[in-house]
Amino acid sequence: MTEKIYDVAVIGGGPTGATAADDLARAGHSVLLMERGGRIKPCGGAVPPRLMEEFEIPQSLLVARARSARMIAPSSRAVDMPVGEIGYVGMVDREHFDEWLRERAEKSGAERLEATFDRIERDDEDGAIICFRRERGAEIERVRAKLVIGADGARSAVAKQNIPGAEKIPCVFAYHEIIESPDIANDQYDPSRCDVFYQGKLSPDFYAWVFPHGKTASIGVGSANKGFSLRGAVSTMRDDLGLSKCQTVRREGAPIPLKPLKRWDNGRDVIVAGDAAGIVAPASGEGIYYAMIGGRYVAEAAEQCLATGEVKALKLARKRFMKEHGKVFWVLGMMQYFWYSSDKRRERFVTMCDDKDVQQLTWQAYMNKKLVRAKPMAHIKIFLKDCAHLLGLKAAA
C-alpha cells in the first residue's frame with residue numbers, strides 16, 4: 001500500500017464521479033479518481049441547456065441538437081412536441097463526453113487510475129483502505145483515503161458493501177445500439193428529433209427510443225421484465241424504421257436505477273452518488289444532469305466533512321438533492337406507475353402529449369429541472385385532463 005493518504009478517493013469516472021473529483025480537486029483537495037476502463041454506459045445522451053451552463057460544458061461536445069420530440073403510441077399514432085422558443089435539447093456521445101469530464105478533473109489536479117474496485121478494508125488508523133486490481137487476475141493493491149465517494153453506477157459494489165438496503169434498489173435494464181445515421185432524413189428518422197416509443201411490443205413497462213447523435217444514432221429500449229428480449233425489440237425497431245442496414249458501431253447494456261436510496265452514506269467515511277445512489281429520473285430514465293448535480297452535492301458534503309471533521313455533514317448531500325428534486329421524482333414516479341402499465345393507458349398518455357399546455361410545461365420543467373409554478377391554471381387544466389384520461393372519460397384518439 002502506498003504511504004500517500006488521499007483526502008478523497010472517487011470510485012467511478014462517469015459524469016458523477018468526474019464532476020465530484022473536479023470540484024474537490026479545484027478546492028485544493030488530494031483526489032484519486034479510479035475508473036474501470038473500456039466501459040460506455042448505454043444512454044440516449046440528452047442534456048438540457050441548464051447542464052451546459054451550470055457545469056461549463058463547451059458546445060463543441062454536442063453531437064446534435066434536437067428541436068422536437070416525437071411520442072409514438074401503441075397504435076403508431078405520432079405526436080410531435082416542438083421545443084419551440086426554449087431552443088433545443090443537446091445530445092452527447094457518452095464515450096467522448098465522459099472522457100472529457102475525466103480529463104478536466106485531471107487538469108484540475110485529480111490523479112487518475114484505471115483499475116477495478118474490489119472492496120474497502122479498515123484497520124486501527126483513520127480512513128478507508130481501497131482495494132483494487134489494475135487488470136483482471138492481477139494482485140490486489142491498496143490505497144488509503146479519508147473519504148470514499150462511490151460513483152460506480154447501478155448495482156454499485158461500493159454501495160452494496162457499505163450502505164444498508166443498496167442491493168434492493170429497483171432497476172430497469174437498458175440496451176442500445178449505436179448505428180451510423182442514415183444518409184437521408186425522412187419521416188421515420190429525423191436528425192433533429194428524438195423519437196420515444198410507448199408500445200408494449202417494444203417495452204412492456206418502460207419505453208424505446210431513437211435519439212440522433214449527428215453521424216450516429218442511439219436505438220435503445222429499457223425494461224425491468226427479465227424475460228423480455230431487449231435485443232429483439234431493438235432489432236424490430238431497426239427493421240420497422242428502415243435502419244437495419246445501417247452499420248452498427250457498438251452495443252451496450254446496463255441496469256438503470258429508478259428510486260433514490262433512503263441513505264447515501266455509512267455515517268463514517270463512505271458516500272455514494274449518481275446511479276449508485278439511485279438518482280435517475282423515473283418515467284424518463286434521464287440521468288446525466290442528475291448524476292452531475294448529485295456529484296456536486298456529494299463533493300460539497302465531503303468538503304464540509306473534511307473541513308469540520310463532522311461525518312454528519314455527509315447527510316447534507318441527499319437532503320439537498322431531495323429538497324431540490326424530490327417532488328419531480330415523485331411526480332415522474334407516479335407517471336410511470338399509471339401510464340406505463342398497459343397499452344390502453346399508453347395510448348391515452350400520448351394523446352395527452354398533443355395538448356399545448358402539456359407540451360409547454362413539460363419542456364419548461366425539463367429545461368429548468370423543476371416543477372413550473374408560473375401558470376397555475378395550466379396545471380389545473382392538465383390535472384383535470386389527466387383525471388379524465390385515467391378514468392376513461394376522454395377518448396384515446
Side-chain angles (χ1 to χ4, degrees), residues 14 36 38-46 69-74 76 91-95 98 152-156 167-182 188-189 194-213 216-259 274-276 278 280-288 291 332-333 335-337 339-343 345-347 349-350:
R36 183 180 68 190
R39 177 181 178 272
I40 307 171
K41 181 183 175 182
C43 178
R70 172 169 288 184
M71 324 298 270
I72 299 98
S76 295
M91 309 300 294
V92 298
D93 188 309
R94 290 290 298 274
E95 179 180 13
D98 290 15
D152 50 335
R155 298 177 181 169
S156 157
E167 73 282 357
K168 298 178 182 179
I169 189 168
C171 289
V172 162
F173 199 86
Y175 169 78
H176 80 160
E177 297 178 0
I178 297 293
I179 67 168
E180 292 182 358
S181 299
Q188 292 182 311
Y189 178 81
C194 293
D195 291 352
V196 185
F197 295 80
Y198 295 99
Q199 299 178 333
K201 68 177 183 179
L202 297 178
S203 173
D205 53 354
F206 205 59
Y207 66 83
W209 69 84
V210 177
F211 286 177
H213 284 182
T216 63
S218 166
I219 317 269
V221 64
S223 176
N225 189 327
K226 294 182 179 180
F228 185 76
S229 174
L230 301 179
R231 286 177 178 263
V234 170
S235 178
T236 296
M237 272 199 298
R238 292 183 64 171
D239 287 341
D240 292 347
L241 298 174
L243 301 175
S244 58
K245 294 183 179 180
C246 295
Q247 183 70 34
T248 301
V249 177
R250 63 179 191 264
R251 298 179 175 89
E252 295 144 3
I256 298 177
L258 293 179
K259 188 175 182 180
D275 283 13
V280 176
S284 68
E286 182 197 353
I288 300 179
L332 292 175
M335 279 181 54
Q336 182 174 338
Y337 177 79
W339 293 117
Y340 293 6
S341 60
S342 69
D343 271 357
R345 287 189 175 181
R346 292 187 188 98
E347 194 76 38
F349 174 70
V350 173

[atom2] on [Y] to [atom1] on [X], rounded to 0.5 Å:
| X | Y | atom1 | atom2 | answer |
| --- | --- | --- | --- | --- |
| Arg345 | Met335 | CZ | CE | 13.0 Å |
| Arg155 | Glu167 | CZ | CD | 12.0 Å |
| Ile72 | Asp195 | CD1 | CG | 4.5 Å |
| Lys245 | Asp239 | NZ | CG | 11.0 Å |
| Gln188 | Leu241 | CD | CG | 5.5 Å |
| Met71 | Cys194 | CE | SG | 10.0 Å |

Can you tell me if Arg238 has over 12 outside heavy atoms packed within less than 6.0 Å of its CZ?
yes
Of the non-hydrogen atoms in [X] and [Y], which two are nearest, and what is the gap between them?
| X | Y | result |
| --- | --- | --- |
| Cys43 | Ile288 | SG-CD1, 3.8 Å |
| Ala276 | Ser156 | CB-CB, 3.5 Å |
| Leu230 | Ser223 | CD2-CB, 3.9 Å |
| Gly253 | Phe173 | C-CZ, 3.8 Å |
| Met91 | Phe211 | CE-CB, 3.6 Å |
| Ala233 | Phe228 | CB-CE2, 3.9 Å |

Compare all side-chain heavy atoms of [X] with those of [Y] and state whether any distance is below 4.5 angstrom.
| X | Y | answer |
| --- | --- | --- |
| Ser181 | Tyr189 | yes |
| Phe206 | Ile256 | no |
| Pro170 | Pro257 | no |
| Val234 | Arg251 | no |
| Lys201 | Pro74 | no |

Gln199 and Ser76: side-chain contact (heavy atoms from CB on, under 4.5 Å), yes or no, with the steps?
CA-CA 8 Å; Gln199 299 178 333; Ser76 295; 3.9 Å; yes
Side chains of His213 and Ser218: any donor to acceptor distance under 3.5 Å?
no
Looking at Gly232, is its backbone amide N or carbonyl O close enough to the side chain of Thr236 to form a donor-acceptor pair, meaning the two atoms are under 3.5 Å apart?
yes
Gly222 backbone acceptor or donor facing Ser203 side chain under 3.5 Å
yes
So does Asp275 pair up with Lys41, basic N to acidic O under 4.0 Å?
yes
How far apart are the C-alpha atoms of Trp209 and His176, what are their side-chain angles, what is the distance that settles it, and do they pass the side-chain contact (heavy atoms from CB on, under 4.5 Å) test?
CA-CA 9 Å; Trp209 69 84; His176 80 160; 3.8 Å; yes
Can you say whether the rings of Tyr198 and Tyr340 are parallel (under 30°), tilted (30 to 60°) or perpendicular (over 60°)?
tilted
